[in-house]
Amino acid sequence: MSNEHDSLRAIVWNNDALQLLDQRVLPHETRYLTLRSAEEIANAIREMVVRGAPAIGITAAFGVVLAARHAVAQDQNNWKSLIKKDFQLLAASRPTAVNLFWALAKMQKIVDNSNSYDDTVLLNEAQRIYDVDIADNYRMGELGAAFIEPHSNVLTHCNTGSLATGGYGTALGVIRSAYRAGNLSQIFADETRPWMQGSRLTAWELLQDHIPVTLIVEGAAASLMRDKSIRWVIVGADRITANGDVANKIGTYNLAVLAKYHGVKFMVVAPTSTIDMNLPNGESIPIEQRAPSEILQIKGQQISAVGANAWNPAFDVTPASLIDVIVTERGVVQTPALEKMQALFL
Ligand code: MRU
């Protein structure tokens with residue numbers, strides 16, 4: 001794969017530390033933070049240095065590697081019980097993206113199965129989670145792009161690209177692949193209030209990779225669908241339940257409702273590590289509530305009327321009935337429903 005359209009990596013393992021591209025300061029500053037403990041990594045996840053479901057999972061896996069090193073340095077015979085609190089810290093960093101818990105469970109299994117501490121085994125597992133994520137994104141890119149007809153205009157939400165994953169991206173991976181195939185006329189991205197993942201991150205990432213992008217405010221989505229003959233809305237996911245309901249960045253549900261009204265197709269792109277078959281439907285997904293200040297202020301400066309309250313859920317749930325296709329690395333699920341989701345895991 002040429003890297004003309006795939007040049008970015010936001011997570012870098014560096015022998016004794018994890019380096020994360022600080023997504024809070026993009027696109028104005030490109031700076032990598034060096035993190036040396038599980039506690040620092042949990043804080044970085046909570047504070048949005050790194051974000052996006054797969055990227056959070058990968059980051060937490062490397063957090064376990066660091067946790068184990070610290071625990072062994074403290075007490076070689078007791079490292080397994082010493083790292084329990086670090087697992088808890090990492091698991092408490094953000095609640096909605098199931099990839100976090102999926103990656104921690106994989107690392108926990110390695111810990112449980114090891115008779116004695118072996119740094120290489122833990123590091124290999126974290127690296128494998130990272131590498132498999134990128135490979136899965138390439139596969140989903142191909143599978144999703146096969147749905148995109150020539151001369152299509154598409155709309156995406158939030159950031160689902162190399163910044164949100166190991167690399168290449170989920171929804172943005174499909175957009176990259178469709179662009180390489182020459183089938184995209186215009187790519188629209190919405191700003192994605194309040195963190196501006198669309199205008200700060202998706203736009204920056206696409207432009208870094210020489211892919212043109214047009215931004216809209218979220219309130220323009222209905223007019224865009226009507227006036228710009230959008231063919232597909234393409235989004236990622238933080239958690240998909242057994243019936244095909246999808247939790248994703250707040251505003252995704254709006255787009256799905258608008259897409260249905262305007263006859264625009266709706267695609268969700270996510271690896272099977274984002275699917276939580278233990279939850280029957282979207283009602284049981286824990287939705288992260290973030291600080292009102294994220295809405296009331298910008299960079300610490302009050303922008304709203306003093307005294308106004310704010311309701312700030314970070315995610316919403318799009319019902320399966322509004323989704324045309326879920327693309328995973330194991331295959332695609334059209335008009336998602338329980339039996340079809342179960343078939344992915346046979
Ligand atoms: O709050 P964020 O920025 O972590 O939310 C990210 C999203 O909602 C993404 O769409 C989702 O994690 C998929 S990323 C491939």
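As the structure lists them, so they are numbered: ligands from 1, and atoms in each ligand from 1. Values reported hereafter were calculated over all heavy atoms of this structure, with side chains retained and with hydrogens, waters and symmetry mates removed. This one's a predicted model, so the numbers in the text were calculated from it and none came from an experiment.
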Starting from [atom], which protein heavy atom do you reach first, and at what distance in Å?
| atom | value |
| --- | --- |
| atom 8 (O) of ligand 1 | D238 OD1, 2.8 Å |
| atom 4 (O) of ligand 1 | R94 NH1, 2.8 Å |
| atom 12 (O) of ligand 1 | A53 N, 2.8 Å |
| atom 9 (C) of ligand 1 | N248 OD1, 3.4 Å |
| atom 15 (C) of ligand 1 | T170 OG1, 3.1 Å |

Considering the heavy atoms of [X], write down every atom of ligand 1 situated less than 4.0 Å from one of them.
| X | value |
| --- | --- |
| Q197 | 1 (O), 2 (P), 3 (O) |
| C158 | 5 (O), 6 (C), 7 (C), 8 (O) |
| T160 | 10 (O), 14 (S), 15 (C) |
| P54 | 14 (S), 15 (C) |

Once you restrict to heavy atoms under 4.0 Å, what part of A314 touches ligand 1? Side chain, backbone, both or neither.
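For A314, there is no contact with ligand 1 at all, from either part.
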
Is it the side chain, the backbone, both or neither of T165 that has a heavy atom closer than 4.0 Å to ligand 1?
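It is the side chain that gets close, since no backbone atom is under 4.0 Å.
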
M48 heavy atom under 4.0 Å from ligand 1
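So M48 counts as touching ligand 1.
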
Does some non-hydrogen atom of F315 fall short of 4.0 Å from ligand 1?
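Yes, that is the case, since the closest heavy atom of the residue is under 4.0 Å from the ligand.
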
Mind checking whether F62 and W13 have parallel, tilted or perpendicular rings, split at 30° and 60°?
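Because their plane-to-plane angle is under 30°, the rings of F62 and W13 count as parallel.
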
With a 3.5 Å cut-off and sequence neighbours excluded, list the donor-acceptor pairs that the side chains of residues 337-346 form with protein atoms.
unit_1	atom_1	unit_2	atom_2	d
K340	NZ	Q334	O	2.7
K340	NZ	T335	O	3.0
K340	NZ	T335	OG1	2.7

Judged by modelled atom types alone, do [X] and [Y] share a side-chain donor-acceptor pair under 3.5 Å?
| X | Y | result |
| --- | --- | --- |
| T192 | E218 | no |
| N43 | E39 | no |
| N183 | S152 | no |

Looking only at distances, can you tell me whether any N or O atom of [X], backbone or side chain, sits closer than 3.5 Å to an N or O atom of ligand 1?
| X | result |
| --- | --- |
| H157 | no |
| K249 | yes |
| R51 | yes |

Can you see whether F188 has K228 sitting over its ring - NZ or CZ less than 6.0 Å from the centre and within 45° of the normal?
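Ring-cation test returns no.
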
Output all residues satisfying ring pair (Phe, Tyr, Trp, His ring centres under 6.0 Å) with W204, sequence neighbours left out; order by chain, then residue number.
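For W204 there are no ring pair (Phe, Tyr, Trp, His ring centres under 6.0 Å) partners, ignoring immediate neighbours.
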
Going by salt bridge (charged side-chain N to carboxylate O under 4.0 Å, His left out), R69 matches just one of D86, D16, D118, D119. Which one?
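Result for salt bridge (charged side-chain N to carboxylate O under 4.0 Å, His left out) with R69: D119.
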
Approximate separation, where rounding is to 0.5 Å, of R193 CZ and I295 CD1:
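Between atom CZ of R193 and atom CD1 of I295 there are 7.0 Å.
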
L258 with V264, same ILVMFWY side-chain cluster at under 4.5 Å:
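Yes.
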
Between R94 and E47, does a salt bridge (charged side-chain N to carboxylate O under 4.0 Å, His left out) hold up when you go through it step by step?
CA-CA 9 Å; R94 289 191 78 188; E47 289 165 17; over 6 Å; no

Could you check which of G52, A237, A164 puts a non-hydrogen atom nearest to atom 13 (C) of ligand 1?
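Result: the heavy atom closest to atom 13 (C) of ligand 1 is in A237.
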
